[in-house]
Amino acid sequence: MIYKTVKSVVDTITWAASSDLQLDLPTDGRLTRLQINANFTVTGCLAAATNTQLCQYKPFQNIKIEGGGGRTYFGMSGEQMGRMLHILNRLDFPGIAPHAAMATNTIYSSLILHFGSFPRLYGQDNPFDETAFIPAKDETNLKLTITTAAAVDIADTAIDISAGTIKATAYQVLGKPMAGGMMPVSSSYSHPTLGSAVSDLGQEFDIPTRAFVRRIVLLTQDHTAVTSGGPLLADDIFSKAGILLPMETRRLVEIDDEALASMCGVLADGYDVGAAADANKVEGYQFPGFYVIDLRNLAHPTYGLDLRAYEKGAAKLAFTIPSGSSGDDILIWYDQVQPYAGK
């Protein structure tokens, strides 16, 4: 019998600062979505002048789902990557209220890891999207790993995180074979800019190959110190982005930063950023420094650009840097899938 289940994982994760925290995930069938809910206790009331941009999501440094043998199905690593995933969720799930309002000494966050290509279908939520899934039933050791940030100065530069709980809820399709579908193999990188200007898409990075690339998600940030509420989202790190295919001497994408931001702009509101100090506030505008290059618009409408037959270096992500500043970063997440032939 084929049926769908929603299952909250019985075990929970207890907050510990600057640690790798793990949770065993269900392995009953096809894992199509994982939802993470967290609450963090802080040592005092968040203050309007000192709480930080996206303070609910800065405690999530890295997020990974790994199976046996070190296979990574979902990898989002860099710096306070919960921020990127939250903004991406706001793009994929428009109109949702992703977390509860802040209480006096508690902040709440919710993150959705959706593995298929269509998180919404015909205007409705699509949690059992089987266009890509983790073949959980073929795994005996499927784990969620959350690397946490420090407790000090993350949510608020005047108070600290003292405790917290992280929970997970799994969406699965049972009764179907694992082989024959597509599995996620996403990965991420943090690239510091060169600290100087680079013209004509001259700053290049290798795009991971041997898989389809559905989307490339970018988050750019300045070098403001954590102790001063940083890093802050910044929209002046690059002026143009591109995808180059050197062997074909072809520029598949070449787009200005403002045009790219307008294509995926997500409105920030008070519950996204808290009551941040004026210098850090982005309420009422697009999240600065958030960009998505959706390759499903240019190639396969479900899976994007097919790089399965390409070697490393055959596809490049490139930027024009107008005036690089040492310490500025480009956080890059490659949303990729590849066929799963079975265990």
Should [X] and [Y] be counted in the same cluster of Ile, Leu, Val, Met, Phe, Trp and Tyr side chains packed under 4.5 Å apart?
X    : Y    : value
F319 : V213 : yes
L85  : I36  : yes
F205 : I293 : yes
V226 : L219 : no

[X] and [Y]: which non-hydrogen atoms are nearest, and at how many Å?
X    : Y    : result
P26  : K7   : CG-CD, 4.3 Å
G313 : D206 : CA-OD1, 3.5 Å
S8   : T169 : OG-OG1, 3.0 Å
K4   : V173 : CG-CG2, 4.2 Å
K137 : D28  : CD-O, 3.7 Å

Just to verify, what does [X] make a side-chain contact (heavy atoms from CB on, under 4.5 Å) with, not counting sequence neighbours?
X    : value
Q61  : E79, Q80, T147, A149
Q124 : none
K167 : T12, T165
Y3   : M1, T5, L174

Validation row: [X], [Y] side chains within 4.5 angstrom (heavy atoms):
X    : Y    : value
E139 : I65  : no
T32  : E130 : yes
T220 : Y291 : yes
I216 : I243 : yes
L142 : L31  : yes

request  = Could you tell me how the ring of F115 sits relative to the ring of F74: parallel (under 30°), tilted (30 to 60°) or perpendicular (over 60°)?
outcome  = perpendicular

Expected list for residues 297-304: side-chain donor-acceptor pairs under 3.5 angstrom, two or more places apart:
| unit_1 | atom_1 | unit_2 | atom_2 | d |
| --- | --- | --- | --- | --- |
| H300 | ND1 | T302 | N | 3.0 |
| H300 | ND1 | Y303 | N | 3.2 |
| Y303 | OH | T131 | O | 2.8 |

Going by salt bridge (charged side-chain N to carboxylate O under 4.0 Å, His left out), name the residues that satisfy it together with [X], two or more places apart in sequence or in a different chain.
X    : result
K240 : E254
E258 : none
D256 : none

request  = Could I get the full list of ring pair (Phe, Tyr, Trp, His ring centres under 6.0 Å) partners for F40, not counting sequence neighbours?
outcome  = W15, F60

inquiry  = Under the rule for ring pair (Phe, Tyr, Trp, His ring centres under 6.0 Å), what residues qualify as partners of F93, not counting sequence neighbours?
reply    = none

Pair R251 + D200, salt bridge at N-O below 4.0 Å = yes

key: With sequence neighbours excluded, residues passing side chain to side chain donor-acceptor pair (under 3.5 Å) with D11   = none

ask   = How about H114 and D92: does a side-chain donor come under 3.5 Å of a side-chain acceptor?
value = no

Can you measure from [atom1] ([X]) to [atom2] ([Y]) and round to the nearest 0.5 angstrom?
X    : Y    : atom1 : atom2 : result
F290 : M84  : CZ    : CE    : 7.5 Å
K64  : S77  : NZ    : OG    : 4.5 Å
L23  : I166 : CG    : CD1   : 9.5 Å

Going by atom type alone, with no hydrogens or angles, which donor-acceptor pairs under 3.5 Å involve a side-chain atom of residues 333-343 and a protein atom two or more places apart or on another chain?
| unit_1 | atom_1 | unit_2 | atom_2 | d |
| --- | --- | --- | --- | --- |
| W333 | NE1 | G75 | O | 3.2 |
| W333 | NE1 | S186 | OG | 3.4 |
| D335 | OD1 | R214 | NE | 3.3 |
| D335 | OD1 | R214 | NH2 | 2.8 |
| D335 | OD2 | R214 | NE | 3.3 |
| Q336 | NE2 | P208 | O | 2.9 |
| Q338 | NE2 | R210 | O | 3.0 |
| Y340 | OH | D138 | OD2 | 2.6 |
| Y340 | OH | K343 | N | 3.2 |
| K343 | NZ | D138 | O | 3.1 |

